[in-house]
Enquirer: 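Pasting a structure here, questions to come.
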Amino acid sequence: MSTYEELRRLDLAYVFHPCTLLADHLAKGPTIFSEGKGPYLYDIQGKQYLDCRAGLFCVNVGYGDEEVAQAAYEQMRRVQFVTSFTSFASEPLIELSAKLASLLPEGLSRVLLLNSGSEVNEAAIKLARYLNALEGRPRKNKIVGRKLSYHGATYGIVALTDLERAQAAATPLPSGFLRIDAPYCYRCPYGKTYPACGVDCAWELERLIQREGPDTVAAFLGEPVMQIAGAIVPPKEYWPIIRQICDKYAVWFIADEVITGLGRTGKMFALEHWGVWPDVLTTSKAMGAGYFPVGATVFREEIYQRLLWAAPNPSLWHGFTMSGNPVGCAVALKNIEIVEERGLVGNARRMGERLLEGLKKFEELPIVGEVRGLGLFCALEAVRDKQSKEPLPESIQRAGGLVKMAMDRGLLVRSSPTRNDLAVITPPLIVNEEQIDFTLEVIGDSLQALQRQLS
Ligand SMILES: Cc1ncc(COP(=O)(O)O)c(C=O)c1O
């Protein structure tokens, strides 16, 4: 077994870490994890961490689950590869498609299986543009997203991801992507207050469609709960208004449930909290739960029927060698079974309530601006000044802020890609009361330490 020092040297010599600040990495070196069990990760020196990042919001059933490993092993032995192109299929591919359809309302039932969140979102966009073109509306191709959104990093979808750092390497970006403001009530882009605002940020979609011309807008794409600015949960009217506007202008509503799908918010799909359904729903992370890359773009059967009749023999060219891989499908079927049989959606709701209630108490502290969340998707926004909502000083953020302090104390939470004073807390859905209480204790201690640094 290599020592940390040996591996560190090799990492710095050979590894290129994506989405990583390269100079910072050279200075501090890698954190090397060598084992995982349940909600815990262990680094190579044997230190235990409670992983309240769930990897990257994906390890919902926890690490090292024997049943998932067994499902993958058995499928690998039976047949590890069958393409989903050219009418080929495997049993798990068909069973997983039918299973996903059974979790969604009737009619939202046509399933395209892919490998990642970026791929499933790009599929949705391509489908919208392709069908409009086939049906004689080639100008109806613009896709509307939101500021502060994250939808992926591949060349097409990165145009909708509102992160300069992500877009820098893809510039010039593909055209036809627009944005409206996010429903970020704590820092309302219009300086308004809910509910007096009338949820103006949702109505901005209608104004934008009118400005651009409804015959040029194909789809609106949004995460039900937003990630990069930390668990932004829109007010109860928001998604019904978006649904209404999309219907009025024949604009597709595409819901990016890449993080929220399969239980994270305390419902199987987050939009259930708002009682609306999209035309296209994408989901990915919890399907593979970190055991295998897998994702799905699920769209209305009516869209499929239109596609069938729009050309003599249409096909959507959005597939990859590993799309619908049988091992990935077997793993996803097992993960969904675990979510259902172990009652993880209910657990996410109960543990989420305990977590949010505990975090809310920190709002009394002078450095906590806001705590927000839904189910096991929570965030805490630290500030220098409660009144002005000024973020923590750059020096503290550069040192790693809250996230680093929690990590030192054995807790992994995720910062926003641009702010280390914003902690996003997303434990695996198997988390228990004791682990939630540990999370609260560590965050409390870290906030005290942060406060001392400020004063
Ligand atoms: C909401 C959302 N959509 C899409 C993606 C992209 O997923 P992937 O990294 O698997 O391509 C992410 C990734 O974090 C995400 O959070």
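Every number for a ligand or one of its atoms is a count from 1 in the order of the listing. Hydrogens, waters and symmetry mates are skipped; everything else that's a heavy atom, side chains included, is used.
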Enquirer: So which protein residues pack against ligand 1 under 4.0 Å, heavy atoms counted?
Expert: Ser116, Gly117, Ser118, Asn121, Tyr150, His151, Gly152, Glu223, Gln227, Asp256, Val258, Ile259, Lys285
Enquirer: Is there a donor-acceptor pair under 3.5 Å between the side chain of Asn335 and the backbone N or O of Gly288?
Expert: yes
Enquirer: Judged by modelled atom types alone, do His151 and Ser118 share a side-chain donor-acceptor pair under 3.5 Å?
Expert: no
Enquirer: Counting distance only, does the side-chain N/O of Arg264 pair as donor-acceptor with the main-chain N or O of Leu376 below 3.5 Å?
Expert: yes
Enquirer: Is it the case that the side chain of Glu204 and the backbone of Ile180 share a donor-acceptor pair, with hydrogens and angles ignored and the cut-off at 3.5 Å?
Expert: no
Enquirer: Counting N and O atoms only, with roles assigned by atom type, does the side chain of Glu340 sit under 3.5 Å from a partner on the main chain of Glu337, one being a donor and the other an acceptor?
Expert: no
Enquirer: Indicate yes or no for a side-chain donor-acceptor contact from Glu67 to the backbone of Ile338 under 3.5 Å, with no hydrogens or angles considered.
Expert: no
